[in-house]
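Here's the structure, in structure tokens; my notes come after.
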Amino acid sequence: MTDILLRARALVGTRFAVSPLMQAAAVLHPRVPSESGPPQAVRHALHLIFAEGRLPFLAALRHDVRDYAPDFLTPARSAHEASELDDELHQITRTPAAVVARQMIRLVEDCEPPATHRMTSAVRPFLELGEDRLAERAALELEVLWKAVIAPMWPVLRARANDDVDRRARLVLRYGLARALDSLHPAIACHADVLSLPGSRAVSASTDLPIVLFPSPLTRSWLLSMDPWNQRGPYLIYPAASGATAARPAETARHPLTDVIGHTRFTLLVTLSAAHTTSDLARRHHLSASTVSYHLAHLHRAGLVTRVRTGKQVRYRQTALAAELMDQAGRGRRGAPLPPRRGQEGESSAGVISA
């Protein structure tokens, strides 16, 4: 049994979040019980992409994971930023080298106990790339996997996850956070300020750092990730509530170009109907300057923005091509509701603890 004592600061900051890469974590983790894992179609897609040999690092990672999985591969955005795939991949590439090193060393040590004197880690050869290149390699392979396996379902998955967050938020408003935590899974219990999860490992911990809760329609189990260095709060992936998903106003009004270039880049592109600097855009959209620069570089390479230097400032603006694409896609969009999803039955009490 794992018991986590949630101190006052942790309770105040605990939040729900919808994350593209956490959907990948829900289907990738090798310790998830087979009866609680992803749907058959997702398992088949995973089998195919790994069989093709296109994801050697992720394959090695799955081979090595025992009780700990490196969490720099699943970064959580701050509370005021919406998660988009490109943002999360960019965050992986910017992981400090020291963080990558200590997490990968922990993984290898988990796989190669000193008493055995055996070198069985499949990720060990990848450590020779160096921390920066390893983070870039991880982001590249996760992008390939996500686009092949998750992307075709993402509009529906995101809608279901958002609906789940809305349901839990109503529970918080009516009955308090403990009731919402207690509702996440039949095997998860919250009594007073202690969150309890069953498992073969006995773990007792306390935290001042908030828990981030990620709903996933792709699992019937749960996955708890705890930072051994206590530099972030626990992450908990849990099964999104089943049931049909009606069209949400924000989804039906969604511009089709958003699904091509991503929400963050589309939002920046809309703002760039007038010229702005990187710092202007960062302030306006509550993003870091480096994140804005990353997205602007992609938009510039695609021919969707121009950049003009005036003195020490560089200003960006939509190109005529961008304006035309936005106008054409906007005229052709539809407001059809998202198709309903059949609920997943038979949630398993077994889950995964990474610590």
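Any value given below was found using the heavy atoms of this structure, including those in side chains, with hydrogens, waters and symmetry copies removed. Residue indices begin at 1 and follow the sequence shown.
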Original post:
Yes or no on side-chain hydrogen bond (donor to acceptor under 3.5 Å, both in side chains) for Arg106 and Gln103, after CA distance, side-chain angles and deciding distance?
Top reply: CA-CA 5 Å; Arg106 171 64 182 267; Gln103 292 189 10; over 6 Å; no
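- For the pair Arg137 and Phe57, the cation-pi test (distance below 6.0 Å, angle within 45°) is failed.
- Closest heavy-atom contact between Ser196 and Asp3: OG-OD1, 2.6 Å.
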Original post:
When you look at Leu61 and Leu107, which way does the side-chain contact (heavy atoms from CB on, under 4.5 Å) test go after all the steps?
Top reply: CA-CA 9 Å; Leu61 197 69; Leu107 173 68; 3.4 Å; yes
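- In this structure the side chain of Leu134 reaches within 4.5 angstrom of the side chain of Met104, judged on heavy atoms.
- Partner of Arg232 under the salt bridge (Lys or Arg N to Asp or Glu O under 4.0 Å) criterion, out of Asp208, Asp227, Asp71: Asp71 alone.
- A chain of hydrophobic side-chain contacts below 4.5 Å, direct or via other Ile, Leu, Val, Met, Phe, Trp or Tyr residues, connects Leu129 to Phe72.
- A cation-pi contact, defined as under 6.0 Å to the ring centre and within 45° of the axis, is absent between Arg168 and Tyr238.
- Separation of atoms CG (Leu127) and CZ (Arg124) is listed at 7.0 Å; rounding is to 0.5 Å.
- With hydrogens and angles ignored, the 3.5 Å screen pairs a side-chain donor or acceptor of Asp164 with a backbone N or O of Ala241.
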**OP:** For the pair Ile150 and Leu218, evaluate side-chain contact (heavy atoms from CB on, under 4.5 Å) and give the outcome as yes or no after the intermediate values.
**Re:** CA-CA 10 Å; Ile150 309 292; Leu218 294 178; 3.7 Å; yes
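- Taking NE2 from His298 and OG from Ser293, the interatomic distance works out to 11.5 Å, rounded to the nearest 0.5 Å.
- Between the side chains of Ser221 and Thr219, no donor-acceptor pair is found at a separation under 3.5 Å.
- Sparse packing is recorded around NE2 of His44, with 12 or fewer heavy atoms of other residues, nucleotides or ligands lying under 6.0 Å away.
- Under the 3.5 Å distance criterion, the side-chain polar atoms of Glu141 are matched with a main-chain donor or acceptor of Leu58.
- Although no hydrogens or angles enter the test, the distance criterion places no donor-acceptor pair under 3.5 Å between the side chain of Asp64 and the main chain of Cys111.
- For the pair Leu281/Leu296, a side-chain contact is recorded, criterion being any heavy-atom separation below 4.5 Å from C-beta on.
- Atom OG1 of residue Thr277 and atom CD of residue Gln313 lie 5.5 Å apart, to the nearest 0.5 angstrom.
- Of all the heavy atoms in Gly303 and Leu321, the pair that sits closest is O-CD2, 3.9 Å.
- Other residues, nucleotides and ligands contribute only 12 or fewer heavy atoms inside 6.0 Å of the CZ atom of Arg133.
- Distance check, rounded to the nearest 0.5 Å: OG1 of Thr271 to CD of Gln318 gives 9.0 Å.
- Closest of all the heavy-atom pairs between Leu272 and Tyr316 is CD2-O, 3.2 Å.
- Listed here is the closest heavy atom pair of Ala161 and Pro215: O-CG, 3.7 Å.
- Other residues, nucleotides and ligands contribute only 12 or fewer heavy atoms inside 6.0 Å of the CD atom of Glu128.
- In this model, a donor atom of one side chain and an acceptor atom of the other lie less than 3.5 Å apart for Ser216 and Gln23.
- Side-chain contact check for Ile188 versus Leu195: some heavy-atom pair is nearer than 4.5 Å.
- Judged purely by atom type and a 3.5 angstrom limit, Arg43 uses its side chain to pair as donor or acceptor with the backbone of Pro38.
- Hydrophobic cluster membership is shared by Ile49 and Val65, with clusters built from Ile, Leu, Val, Met, Phe, Trp and Tyr side chains linked at under 4.5 angstrom.
- Side chains of Leu224 and Ile4 form a contact here, defined as non-hydrogen atoms less than 4.5 Å apart.
- Inter-residue side-chain proximity for Pro56 and Phe126 is flagged as met; some heavy-atom pair is nearer than 4.5 Å.
- Proximity of a side-chain donor or acceptor of Asp182 to a complementary backbone N or O of Cys190 within less than 3.5 Å is detected.
- Looking at every heavy atom in both residues, Ala122 comes nearest to Ala60 through O-CB, 3.5 Å.
- Taking each heavy atom of Ile92 and Ala139 in turn, the nearest pair found is CG2-CB, 4.0 Å.
- Under the 4.5 Å side-chain criterion, counting only non-hydrogen atoms from C-beta, Phe16 is in contact with Leu184.
- Arg283 CZ to His276 NE2: the interatomic distance, rounded to the nearest 0.5 Å, is 10.5 Å.
- Residues Val42 and Leu85 fall within the same hydrophobic cluster, defined by Ile, Leu, Val, Met, Phe, Trp and Tyr side chains chained together at heavy-atom separations under 4.5 Å.
- Sparse packing is recorded around CZ of Arg94, with 12 or fewer heavy atoms of other residues, nucleotides or ligands lying under 6.0 Å away.
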Subject >> Val212/Arg15 under side-chain contact (heavy atoms from CB on, under 4.5 Å): CA gap, chis, key distance, verdict >> reply: CA-CA 5 Å; Val212 186; Arg15 64 186 178 90; 4.1 Å; yes
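- Hydrophobic clustering keeps Leu140 apart from Val123 (ILVMFWY residues linked when any side-chain heavy atoms are closer than 4.5 Å, directly or through intermediates).
- In this pair, Tyr294 and His90 present their aromatic rings parallel. The plane angle is below 30°, not in the 30 to 60° band.
- Side-chain atoms of Thr74 and Ser225, non-hydrogen and from C-beta on, never get closer than 4.5 Å to each other.
- Val314 and Leu299 fall within a single hydrophobic cluster, where Ile, Leu, Val, Met, Phe, Trp and Tyr side chains are chained together by heavy-atom contacts under 4.5 Å.
- Annotation: the span from Met22 atom CE to Leu28 atom CG amounts to 12.0 Å, rounded to 0.5 Å.
- The backbone N or O of Leu21 lies less than 3.5 Å from a partner atom in the side chain of Glu88, making a donor-acceptor pair.
- The shortest distance between side-chain heavy atoms of Ile237 and His29 does not fall below 4.5 Å.
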**OP:** Could you go through the side-chain contact (heavy atoms from CB on, under 4.5 Å) check for Leu6 and Leu177 one step at a time?
**Re:** CA-CA 11 Å; Leu6 303 175; Leu177 179 60; 5.9 Å; no
